[in-house]
Trainee: 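One structure coming up, written as structure tokens, with questions to follow.
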There are 2 protein chains.
Amino acid sequence: MKRASVTLHEVAAAAGVSIATVSRALNGKDRVSSRTAEHVAEVAERLGYRVNLIGRGLRAGTGATIGVVVPVISNPFYGELIHRLEDHLQRRGFDLVIADSHGDVERESDRLRMLVERRVEGVFVVPSDAELSFDAVADTARRVPLVQLDRHVLDLPADFIGVDNDEGIELAVAHVVSRGAERVVLVSGNDVTSVGRERRAAFEATVRTRSLPQEVNVFGEYLLEFGESAVRTLLARGPLPDAIVAGDDLVAAGVIAALKRAGTRVPEDVQVTGFDGTMLADVCEPRLTTVVQPFDDLAREATEALVRRMDDPDSPYVLRRLAPSLRVAESTSPAP
Amino acid sequence: MKRASVTLHEVAAAAGVSIATVSRALNGKDRVSSRTAEHVAEVAERLGYRVNLIGRGLRAGTGATIGVVVPVISNPFYGELIHRLEDHLQRRGFDLVIADSHGDVERESDRLRMLVERRVEGVFVVPSDAELSFDAVADTARRVPLVQLDRHVLDLPADFIGVDNDEGIELAVAHVVSRGAERVVLVSGNDVTSVGRERRAAFEATVRTRSLPQEVNVFGEYLLEFGESAVRTLLARGPLPDAIVAGDDLVAAGVIAALKRAGTRVPEDVQVTGFDGTMLADVCEPRLTTVVQPFDDLAREATEALVRRMDDPDSPYVLRRLAPSLRVAESTSPAP
DNA sequence: CTGTTAGCGCCTTCAA
DNA sequence: TTGAAGGCGCTAACAG
């Protein structure tokens with residue numbers, strides 16, 4: 001089984017023309033007679049020629065590739081986001097290289113470096129740490145158009161597209177309160193990520209504004225297990241609150257599971273809301289009332305922002321927060 | 001903001017040596033005095049030099065990249081699989097380019113072509129159609145080491161790593177039967193994929209072997225919605241079976257949701273099992289008894305198979321089916 | 001309309 | 001130990 005690929009030279013030789021002519025013919029340039037073009041195409045086909053994008057990329061100074069670094073590919077939220085990103089990039093002729101940082105700053109730095117060395121035309125990154133990701137992300141942004149997605153690094157001058165966490169939390173709290181909740185607790189991600197910080201701050205702010213009782217919230221990681229352990233923490237503290245606002249759908253799912261195992265009814269005893277609007281929300285029982293992220297808009301805006309920066313490296317930084325919406329389901333009480 | 005990257009030439013000029021020396025120094029070759037090496041490293045650092053993998057790749061005839069084509073990135077099953085693949089490849093120094101075929105044969109063909117043109121060193125593919133994917137996958141396999149994952153194309157001479165679907169279905173059926181089920185129905189993917197075919201065949205075989213009553217099974221797509229519609233179909237037909245074996249966790253989740261909405265109790269009235277062992281199984285209520293795929297083993301074996309084929313294009317084709325396990329949870333009856 | 005030539009950035013002989 | 005030179009595959013500029 002031979003594996004060495006056919007090159008322009010070989011096609012040229014077989015077709016009895018120069019490699020330049022082959023290149024022109026195959027790329028649909030007009031300075032070629034249609035007879036020649038046809039002949040070349042035929043020979044190329046017969047030989048199974050495929051353009052070598054490495055060669056072309058070296059020549060052109062770039063391949064049409066975009067990179068994206070996410071904390072955990074297996075998280076449905078990022079799966080959905082990547083899905084949409086791939087779609088929008090595809091449409092513009094870009095391929096997507098994906099890298100998993102495992103939520104680890106070192107690894108994130110490694111992956112970003114790899115993308116730079118690969119000379120990708122742009123990078124999307126969901127920074128794993130609001131502070132510690134600074135150096136790697138900043139350095140990368142200096143070298144290649146970069147857009148932060150979903151999360152951002154503090155005080156980093158760079159584009160960012162994400163959901164409006166304030167509005168999301170506000171939607172959730174307003175909803176459970178309208179359904180009769182007084183004591184509302186937040187079970188969410190810690191301050192490691194910008195998302196965790198913002199949702200926490202938004203929650204605390206709205207609790208104050210509404211003069212709701214100050215509860216001791218629970219913070220941890222965006223994992224199913226954290227949702228479960230958080231409920232144990234709450235149970236150990238005393239009577240459960242009227243509602244639990246979870247930091248994301250995964251945590252909410254854990255919360256619901258643990259509540260039911262403890263014999264607590266959802267939403268009769270405790271209402272629960274999620275955040276993200278992933279398919280997990282529809283699988284939960286009862287179905288999860290959740291703050292839905294506009295995945296497709298996020299992906300589109302992020303792509304546009306990246307393209308803008310590629311076109312003009314000096315354009316002002318974009319910092320867009322898209323409005324989420326609330327999808328009401330069974331995990332919160334029926335309207336009074 | 002300047003974006004043109006620093007090259008070996010510039011480092012060489014700044015360091016007052018030749019580019020060959022810079023190359024050697026930066027790649028840790030021994031034919032360089034440590035004094036020079038140190039100096040070069042320092043200058044490179046100061047200039048912010050980053051190797052250009054495109055250039056290196058052209059020279060070397062390859063970049064260290066592997067491509068993977070999956071039907072839907074947003075499906076948690078593929079998310080998990082990709083997560084593991086990335087891990088194993090990372091460890092061997094490969095980067096992973098990921099492409100989404102959207103379950104569409106045309107698009108799949110496009111993406112495979114892109115990977116070939118990119119001169120990736122190997123390709124993993126989850127073929128979207130057991131028959132129609134033949135041409136594109138066969139052509140790709142002719143050009144680059146390729147391993148089929150999870151699904152395979154019929155009669156295609158190529159490596160394949162997947163789960164043992166016979167054993168998986170057998171585990172599920174044996175389990176629900178041991179918990180008292182007599183009438184067992186399969187709600188699974190249609191014959192478009194090899195997985196759908198195999199699970200169906202396995203199910204029909206075990207029903208015969210066990211002399212269980214022949215039921216009319218329901219086939220569709222691996223989607224939450226299909227699970228729901230399948231239940232409607234079953235309800236319209238008459239009395240529900242004792243157990244529903246779902247083709248994957250997503251379908252099972254839909255089945256459970258629809259059953260409960262119809263006032264049917266799970267597992268008291270109908271037992272339900274899933275397939276894959278994704279996080280969805282843990283989010284379902286009741287928790288889903290499911291056939292767990294050995295994700296990490298699959299990824300490792302697939303990586304090994306690919307490396308083997310890269311080393312020896314003529315080595316015999318590997319066709320590995322890894323044993324799944326059953327994770328028993330609440331969606332099937334307690335042991336009698 | 002077609003061929004020749006010159007690199008893109010890198011690494012690796014081959015000389016010195 | 002270091003430098004000079006060639007060439008990976010491709011395309012664009014320049015001749016013819």
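Here is how names work: the chains are called A, B, and so on, in the same order as the sequence lines, proteins then strands, and each is numbered from 1. Reckoned from all heavy atoms, side chains included, excluding hydrogens, waters and symmetry mates.
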Trainee: Starting at the 5' end of DNA chain C, which residue's closest nucleotide do you reach first, G55(A) or I19(A)?
Mentor: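 Closer to the 5' end of DNA chain C: I19(A).
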Trainee: Distance check needed: dC10(D) C1' versus H9(A) NE2, whole Å only.
Mentor: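 Computing the H9(A):NE2 to dC10(D):C1' distance gives 9 Å.
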Trainee: Test L146(A) against every option in V137(A), D139(A), L306(A) by the side chain to side chain contact (heavy atoms under 4.5 Å, CB included) rule and name the one that passes.
Mentor: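 By the side chain to side chain contact (heavy atoms under 4.5 Å, CB included) criterion, L146(A) pairs with just one of V137(A), D139(A), L306(A): V137(A).
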Trainee: Any donor-acceptor pair under 3.5 Å joining the side chain of R59(B) to the base of dC11(C)?
Mentor: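 Between dC11(C) and R59(B), which were checked side chain against base, a qualifying N/O pair under 3.5 Å is present.
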Trainee: Is any side-chain N of the basic residue among R107(B) and D87(A) closer than 4.0 Å to the acidic one's carboxylate O?
Mentor: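 Here R107(B) pairs with D87(A) in a salt bridge, since their nearest N and O are under 4.0 Å apart.
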Trainee: Using atom NE2 of H39(A) as one end and atom C1' of dC1(C) as the other, report the distance to the nearest whole Å.
Mentor: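 To the nearest whole Å, that distance equals 15 Å.
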Trainee: Counting only side-chain N and O atoms of R56(B), is one of them less than 4.0 Å from OP1 or OP2 of dG9(C)?
Mentor: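 Answer is no, no contact under 4.0 Å.
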Trainee: Using a distance-only test with no angle check, is there a side-chain donor-acceptor pair under 3.5 angstrom linking R119(B) and T65(B)?
Mentor: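 No, no side-chain donor-acceptor contact under 3.5 Å.
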Trainee: When you get a sec, tell me which of dA12(D), dG9(D), dT2(C) is the closest nucleotide to the side chain of L58(B)?
Mentor: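 The closest nucleotide is dG9(D).
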Trainee: How long is the line joining CD of E117(B) and P of dG9(D), in whole Å?
Mentor: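 That distance rounds to 15 Å.
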Trainee: OP1 or OP2 of dG3(C) versus the side-chain N and O atoms of S18(A): is any pair under 4.0 Å?
Mentor: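 Answer is yes, contact under 4.0 Å.
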Trainee: The side chain of T7(B) lies closest to which of these nucleotides: dG9(C), dT12(C), dT11(D)?
Mentor: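 Looking only at heavy atoms from C-beta outward on T7(B), the closest nucleotide is dG9(C).
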Trainee: Measure the distance from CG on L8(B) to P on dT12(C) and round it to the nearest whole Å.
Mentor: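 Whole-Å distance recorded here is 12 Å.
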Trainee: Are N52(B) and dC8(C) close enough that a side-chain N or O sits under 4.0 Å from OP1 or OP2?
Mentor: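 Negative; the distance criterion is not met.
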Trainee: Please report whether the ring centroid of Y317(B) lies less than 6.0 Å from that of F160(B).
Mentor: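 No, the ring centres sit 6.0 Å or more apart.
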Trainee: Quickly work out the L53(B) CG to dC10(C) P distance and round it to whole Å.
Mentor: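 After rounding, the gap between these two atoms is 9 Å.
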Trainee: Remember a base hit wins even if backbone is also touched, and classify S23(A) as base, sugar-phosphate or nothing at under 4.0 Å, heavy atoms.
Mentor: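 If one applies the 4.0 Å heavy-atom cut-off, S23(A) turns out to touch a base.
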Trainee: Taking the side chain of K29(B) as its heavy atoms from C-beta onward, which of dC10(C), dT2(C), dT12(C) lies nearest to it?
Mentor: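 Of all the options, the side chain of K29(B) is nearest to dT12(C).
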Trainee: Heavy-atom nearest nucleotide on DNA chain D for V6(A) versus T36(B): which residue maps closer to 5'?
Mentor: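 First, find each residue's nearest nucleotide; the 5'-ward one identifies T36(B).
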Trainee: Quickly work out the L26(A) CG to dA12(D) C1' distance and round it to whole Å.
Mentor: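 Going from CG in L26(A) over to C1' in dA12(D) covers 16 Å.
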Trainee: R118(B) CZ to dG9(D) P: how many Å, rounded?
Mentor: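 Distance check: R118(B) CZ to dG9(D) P gives 18 Å.
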Trainee: Would you say the side chain of R24(A) and the base of dG3(C) hold a donor-acceptor pair, judged only by whether the two atoms sit under 3.5 Å apart?
Mentor: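 Indeed, a donor on one side and an acceptor on the other fall under 3.5 Å apart.
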Trainee: Report the nucleotide, chosen from dA6(C), dC10(C), dT2(C), that has the shortest atom-to-atom distance to any side-chain atom of S33(A).
Mentor: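 In terms of side-chain proximity for S33(A), the closest of dA6(C), dC10(C), dT2(C) is dT2(C).
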Trainee: Has E86(B) got a side-chain atom pairing as donor or acceptor with D100(A)'s backbone, closer than 3.5 angstrom?
Mentor: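 Yes, the answer is positive, given that a donor and an acceptor are paired below the 3.5 Å cut-off.
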Trainee: Taking S315(A) for the side chain and R309(A) for the main chain, is one N or O donor matched with an acceptor at less than 3.5 Å?
Mentor: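 The answer is no, because no donor-acceptor pair under 3.5 Å joins these two groups.
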Trainee: Taking only the side-chain heavy atoms of A20(A) (C-beta and beyond), determine which of dT12(C), dT4(C), dC11(C) contains the nearest atom.
Mentor: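 From the listed options, dT4(C) comes nearest.
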Trainee: Using a 4.0 Å heavy-atom cut-off, does I54(A) contact any base of the nucleic acid, only the sugar-phosphate backbone, or nothing at all?
Mentor: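 Answer is nothing: I54(A) stays at 4.0 Å or more from every strand.
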